[in-house]
Amino acid sequence: MGIAGATTENRGDGLATMRVPFVDLKRQAVDLRAEFDAAIASVIERAAYTMGPELQQFEDAFAALCGCSHAVGVSSGTDAVKLALLAAGVRPGDEVIVPANTFIATAEAVSHIGATPVFVDCLSGTGLMDPVGVGPAVTPRTTAVVPVHLYGQTVDMDALAEVASRHGLAIVEDACQAHGATYKGRPAGSLGVSAAFSFYPGKNLGALGDGGAVTTNDPDAAELVRLYRNHGQDDKYTHRVIGYCDRLHNLQAALLLVKLPRLAGWNEARRNAARDYDSALAGTHGLTVTRLGDGVEAVYHLYVVMVEDRDGVRQRLGERGVESGIHYPVPLHLQPAYDGLGYGAGDFPVAERRAQRILSLPMFPEIETAQRAHVVAALEQALA
Ligand SMILES: *Cc1c(COP(=O)(O)O)cnc(C)c1O
């Protein structure tokens, strides 16, 4: 515990009152305020509110970041999953395999198109979808699988691609927590037939409101998402399919263009913070850090550890000013909304076991060294 011990001693009792927020969205808004104001003024002056030039510009830049030929801005990450699944050919009555350990939006998007989510368990070390669980979950109605790059770490895509191709499943990535993450050097967003991103304010790349995007290298899929997001319309008032009102606001695209050039630096700051936590917490008794999969460069949307007596530890951290989170406390197969699917406790033991123990520590690009040291010191005290 060399680093953590030294840090604790050096800091002394003064730290007891330091407040460490879980995320700090106000910091970025202060730094970027002048650029935001200019972008908003420019959009207002041109009244360029829908499908404007900023949307196109942002889509081109975001596609490049993801190593894809196409990105299509949409209204949210949830809608991005839905539209990507539709474009991949998923239809009402189909089954789509999703992890039990994810944010509910992954499964909701499947349900929104009248398909049925089929859950699989996660790996104990990473919390990510276990590719080994996918094969046994396949039925004649299964048409797609949604790997979720949870916490900013990519799923074991080689193993998943092998099982998906064996069963003829489309792979649609949920990359809503993984902007800029890579798997064996390839960016999240380019690892399946298409991928969904969220620009919810707290994500690694966040709008000032809701937003999302679908990325793909398939021009037909891109075209379909463009149709579906805008009332199925290609020429004005010609509606090829029954679509949705799922556009990304041009104003949000303009604001995202301000932030996009900073993403790489913010992700690097998150990785530095994570490395710091990793080395300070390695060997801490009663705590397990999240393992990193082979070939993965993570972007640490969340920094998750596992502890016994999680709720007690969380409470004691709070008493020392340290905010924390739980991502996620109830696996999807045990959510009331999915009662009708007939799952029960014990179906996915790894996800259920993790849900009792996981704790997300403060993580945001601007988190200061002293704040991290305080988190580590408070955590060690809470575990003692
Ligand atoms: C945030 C998130 C979503 C949904 O994104 P919204 O923009 O909030 O609709 C989907 N999946 C995962 C894993 C997420 O973290």
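Every number for a ligand or one of its atoms is a count from 1 in the order of the listing.
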Tell me the salt bridge (Lys or Arg N to Asp or Glu O under 4.0 Å) pairs involving residues 341-364, sequence neighbours left out?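 Checked against salt bridge (Lys or Arg N to Asp or Glu O under 4.0 Å) - neighbours excluded - the pairs reaching residues 341-364 are E308-R357.
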Begin with the C-alpha distance, continue with both residues' side-chain angles, and end with the deciding distance and a verdict on side chain to side chain donor-acceptor pair (under 3.5 Å) for Q315 and D311. CA-CA 6 Å; Q315 160 89 29; D311 294 339; over 6 Å; no
Every pair of nitrogen or oxygen atoms between ligand 1 and the protein that is under 3.5 angstrom apart - can you list them with their distances to 0.1 Å?
{"from": "ligand 1", "atom 1": "5 (O)", "to": "S198", "atom 2": "OG", "distance (Å)": "3.3"}
{"from": "ligand 1", "atom 1": "7 (O)", "to": "G77", "atom 2": "N", "distance (Å)": "2.8"}
{"from": "ligand 1", "atom 1": "7 (O)", "to": "S198", "atom 2": "OG", "distance (Å)": "2.6"}
{"from": "ligand 1", "atom 1": "9 (O)", "to": "G77", "atom 2": "N", "distance (Å)": "3.3"}
{"from": "ligand 1", "atom 1": "9 (O)", "to": "T78", "atom 2": "N", "distance (Å)": "2.8"}
{"from": "ligand 1", "atom 1": "9 (O)", "to": "T78", "atom 2": "OG1", "distance (Å)": "2.5"}
{"from": "ligand 1", "atom 1": "11 (N)", "to": "D174", "atom 2": "OD1", "distance (Å)": "3.3"}
{"from": "ligand 1", "atom 1": "11 (N)", "to": "D174", "atom 2": "OD2", "distance (Å)": "2.8"}
{"from": "ligand 1", "atom 1": "15 (O)", "to": "Q177", "atom 2": "NE2", "distance (Å)": "2.8"}
{"from": "ligand 1", "atom 1": "15 (O)", "to": "K203", "atom 2": "NZ", "distance (Å)": "3.0"}

Anything under 3.5 Å between a donor and an acceptor, one on a side chain of residues 121-131, the other on a protein residue two or more places apart or in another chain? List them.
{"from": "D121", "atom 1": "OD1", "to": "A351", "atom 2": "N", "distance (Å)": "2.8"}
{"from": "D121", "atom 1": "OD2", "to": "V350", "atom 2": "N", "distance (Å)": "3.0"}
{"from": "T126", "atom 1": "OG1", "to": "L128", "atom 2": "N", "distance (Å)": "3.1"}
{"from": "D130", "atom 1": "OD1", "to": "V132", "atom 2": "N", "distance (Å)": "3.0"}

From E108 CD over to I113 CD1, what is the distance, rounded to the nearest 0.5 angstrom?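 Rounded to the nearest 0.5 Å, the CD-CD1 separation comes out at 13.0 Å.
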Does the side chain of T116 come under 3.5 Å of the side chain of E95 through a donor N or O and an acceptor N or O?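 The criterion, which ignores hydrogens and geometry beyond distance, is not satisfied for E95 and T116.
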Which residues satisfy the ring-ring contact (aromatic ring centres under 6.0 Å, His included) test with Y151, sequence neighbours excluded?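 Y151: no ring-ring contact (aromatic ring centres under 6.0 Å, His included) contacts found.
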